[in-house]
Amino acid sequence: MCAIIGIFGEKIRDKLHEMLLSLKHRGPDMSGVYVDGTTSYGKLADLDIPQGKFGLGHNLLSIVGSDVIQPLKEGKIILACNGEIYNHEKLRDELEKTFNYEFKTDSDSEIILALIKRYYRGNLPICITNVLKDLDGDYAFAAYDGKDLVAVRDPLGVKPLYYGSYNGYSGFASERKALWKVGIDETHSLPPDYMLHNQELIPLKNNLLSKKLSTDRYNQNKNDLKNILKENLIKSVEKRVNSLEKVGIPFSGGVDSTILTVICNDLGVETELYTVGSEGSPDVNFAMKVADHMGLPIYTKVVDEDVVRKCIPHVLNALEEWNIMKLGVGMTTYLAAEMAHRNSLRVMLSGQGADELFAGYHRYLKFYTEKGERTQEDLRNDVKNIYHVNLERDDKVTMANSVELRVPYLDLQIINIAMNTPIKYKIAGENDGLRKCILREVAMDLGVPQEIVERPKKAAQYGSGIHKILTRNILKDSVYMQELKNSFNFIDI
């Protein structure tokens with residue numbers, strides 16, 4: 001949705017501007033700053049940034065007319081938020097009726113500001129802990145009361161946030177490059193289960209992955225679990241496409257992305273599919289079949305060695321790290337988002353998280369053979385760590401194209417259901433080559449074509465053919481790879 005930044009130090013005006021400029025791709029529409037009590041809003045090129053010792057900044061990516069520029073202010077509380085609050089309408093009604101809060105904007109981010117006002121008793125860290133209990137969304141935000149600066153992420157870490165300090169300056173930003181730009185070389189990803197309070201980490205009591213199902217509708221009956229999973233998948237997609245006229249899906253023709261496609265289509269949302277792959281690659285072939293079956297528009301980027309070589313620097317710049325595995329996966333999503341951007345699309349839905357929740361990866365079969373039901377702990381651990389393995393990567397390569405990526409499978413309720421679904425309903429036995437059994441049954445019930453329901457899992461870089469292109473020639477070109485590596489200064493790596 002946007003970029004947020006913050007910096008403490010002497011004479012921070014130029015640094016604040018440089019940080020905003022480095023993250024302009026995340027919010028190309030408008031910008032806003034708060035510096036020592038003064039706010040300024042407008043186009044970044046025309047922004048009047050005062051000199052000072054503390055500044056907050058925000059770059060806006062406008063979606064569905066949500067053109068409210070931040071930071072937002074209520075009394076002495078200042079807020080900058082990157083994200084979507086999915087229960088904002090319910091919270092707005094509640095706060096208006098029970099707390100008599102008068103909303104000044106239609107921004108879902110103002111919900112956070114209203115909740116802070118509701119719980120604030122002079123201690124901002126305690127206040128924010130209470131605020132987080134009410135929120136359902138994907139977000140990273142920072143709040144400041146003139147004394148304390150608190151920054152947090154959503155429980156899964158869907159939205160990125162980095163922090164660091166150097167030579168009298170400390171700050172945070174949606175991407176590392178903003179901190180590197182102003183000389184803060186050593187940066188850290190804020191763990192989702194921690195709060196950053198005045199540059200110190202404070203653990204949060206996040207019991208997300210240890211929740212037990214809280215309703216009698218959940219039990220160990222597979223059919224009941226399947227139905228409630230289907231019901232909540234539809235709800236999860238519905239709240240992520242609410243108010244959108246059109247949505248895009250990075251589409252591999254696999255079961256995860258096809259489920260999202262079918263649900264979006266059933267909800268009446270105009271849906272566009274974006275597929276990336278080499279000529280004749282499995283993803284392109286399956287994607288074309290599904291698009292034809294459903295009568296949906298599909299946009300295809302056929303890649304070859306030349307396309308991959310030209311794309312590598314752009315993807316590495318987005319990733320902010322020299323990681324060949326992330327390069328292969330990230331390039332597929334980057335090129336899909338690039339096509340979506342050219343079509344003026346601002347939101348895409350991803351199947352990210354389905355494999356971790358429902359045992360899609362082949363390694364889980366090995367774990368199941370060795371551990372049985374205890375394999376659930378491996379899934380739980382992978383979900384807990386998905387933010388720095390996959391989510392930050394996917395956010396940065398899509399936002400490099402000014403496209404927001406939303407992840408319906410990582411809805412808190414879906415996670416709750418999945419973590420309480422016995423592993424035997426995910427893996428049928430030691431010879432189950434497909435896995436994700438219960439999710440595939442949901443797919444069948446939703447009307448996903450049989451061929452897709454039974455399609456084996458194939459990682460994005462393999463299904464698209466990009467991994468083969470990288471390993472066949474490009475990665476073996478040691479001169480080119482060294483020159484490429486030298487052209488990037490990944491300070492943290």
Side-chain angles (χ1 to χ4, degrees), residues 155-158 191-193 206-215 217-230 232-233 236 252 254-259 325-326 329 350-391 393-394 407-445 448 452-463:
L156 262 292
V158 175
D193 52 352
N206 178 8
N207 298 317
L208 172 70
L209 300 183
S210 61
K211 281 185 177 180
K212 294 299 180 184
L213 297 167
S214 57
T215 168
R217 297 182 67 190
Y218 297 96
N219 55 48
Q220 299 299 299
N221 180 282
K222 183 180 180 182
N223 194 58
D224 286 349
L225 283 170
K226 181 188 70 173
N227 288 334
I228 203 67
L229 173 59
K230 179 176 69 173
N232 280 275
L233 271 174
S236 177
S252 65
V255 67
D256 305 333
S257 56
T258 305
I259 286 174
M325 182 60 73
K326 287 186 179 181
V329 181
S350 165
Q352 190 60 256
D355 289 307
E356 289 81 1
L357 290 169
F358 299 101
Y361 295 123
H362 186 267
R363 66 176 180 269
Y364 296 135
L365 189 58
K366 177 177 180 292
F367 296 158
Y368 181 74
T369 302
E370 298 171 350
K371 308 176 185 179
E373 192 63 33
R374 287 185 294 118
T375 303
Q376 197 83 312
E377 292 307 311
D378 295 286
L379 272 63
R380 192 183 304 274
N381 188 61
D382 286 351
V383 172
K384 183 178 179 181
N385 289 287
I386 196 173
Y387 74 98
H388 62 75
V389 177
N390 295 332
L391 296 180
R393 175 200 66 211
D394 290 355
V407 284
Y409 287 102
L410 292 175
D411 186 89
L412 299 185
Q413 189 65 4
I414 302 299
I415 294 170
N416 191 12
I417 295 167
M419 289 296 99
N420 289 277
T421 297
I423 198 72
K424 65 182 179 180
Y425 296 156
K426 302 175 185 180
I427 300 177
E430 295 179 4
N431 297 315
D432 183 3
L434 291 179
R435 302 168 301 282
K436 288 194 291 193
C437 301
I438 193 167
L439 188 62
R440 293 180 189 275
E441 291 185 25
V442 167
M444 185 71 74
D445 287 354
V448 172
I452 302 302
V453 172
E454 297 178 353
R455 184 187 174 193
K457 166 68 184 176
K458 209 168 186 68
Q461 70 271 34
Y462 302 122

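Nothing here was measured: the structure is a model prediction, and the numbers come from that model.
Using modelled atom types, no side-chain atom of Glu430 and backbone atom of Tyr368 make a donor-acceptor pair closer than 3.5 Å. Of the possible donor and acceptor atoms, one in the side chain of Asn232 sits under 3.5 Å from a partner among the backbone N and O of Ile228. At least one donor-acceptor pair closer than 3.5 Å links the side chain of Lys426 to the backbone N or O of Leu357. A donor-acceptor pair is defined here as one N or O able to donate and one able to accept, closer than 3.5 Å; such a pair exists between the side chain of Arg440 and the backbone of Leu434. Looking at Asn227, its side chain does come within 3.5 Å of a backbone N or O of Asn223 through a donor-acceptor pair. A donor-acceptor pair under 3.5 Å links the side-chain atoms of Gln376 to the main chain of Met419, judged by distance alone. In this structure, Ser257 contributes its side chain and Gly351 its backbone to no donor-acceptor pair below 3.5 Å.
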Checking side chain to side chain contact (heavy atoms under 4.5 Å, CB included) for the pair Leu229/Thr421: CA distance, chi angles, key distance, verdict?
-> CA-CA 10 Å; Leu229 173 59; Thr421 297; over 6 Å; no
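For the 3.5 Å distance criterion, the side chains of Asp382 and Tyr361 fail to qualify, holding no donor opposite an acceptor. Inspection of the Asp394 and Asn390 side chains reveals no N or O donor paired with an N or O acceptor under 3.5 Å.
Annotation for His362: atom NE2 does not count as buried by contact number, only 12 or fewer foreign heavy atoms lying within 6.0 Å.
At least one side-chain heavy atom of Leu225 sits under 4.5 Å from a side-chain heavy atom of Pro422. A heavy-atom distance below 4.5 Å is found between the side chains of Thr375 and Leu379.
For Lys371 and Glu377, the salt-bridge test fails: no basic side-chain N is under 4.0 Å from an acidic carboxylate O. At a threshold of 4.0 Å, the pair Asp378-Arg363 does not count as salt-bridged, since none of the basic side-chain nitrogens sits closer than that to a carboxylate oxygen.
Scored by the side chain to side chain contact (heavy atoms under 4.5 Å, CB included) test, Asn431 finds no partners at all (sequence neighbours excluded).
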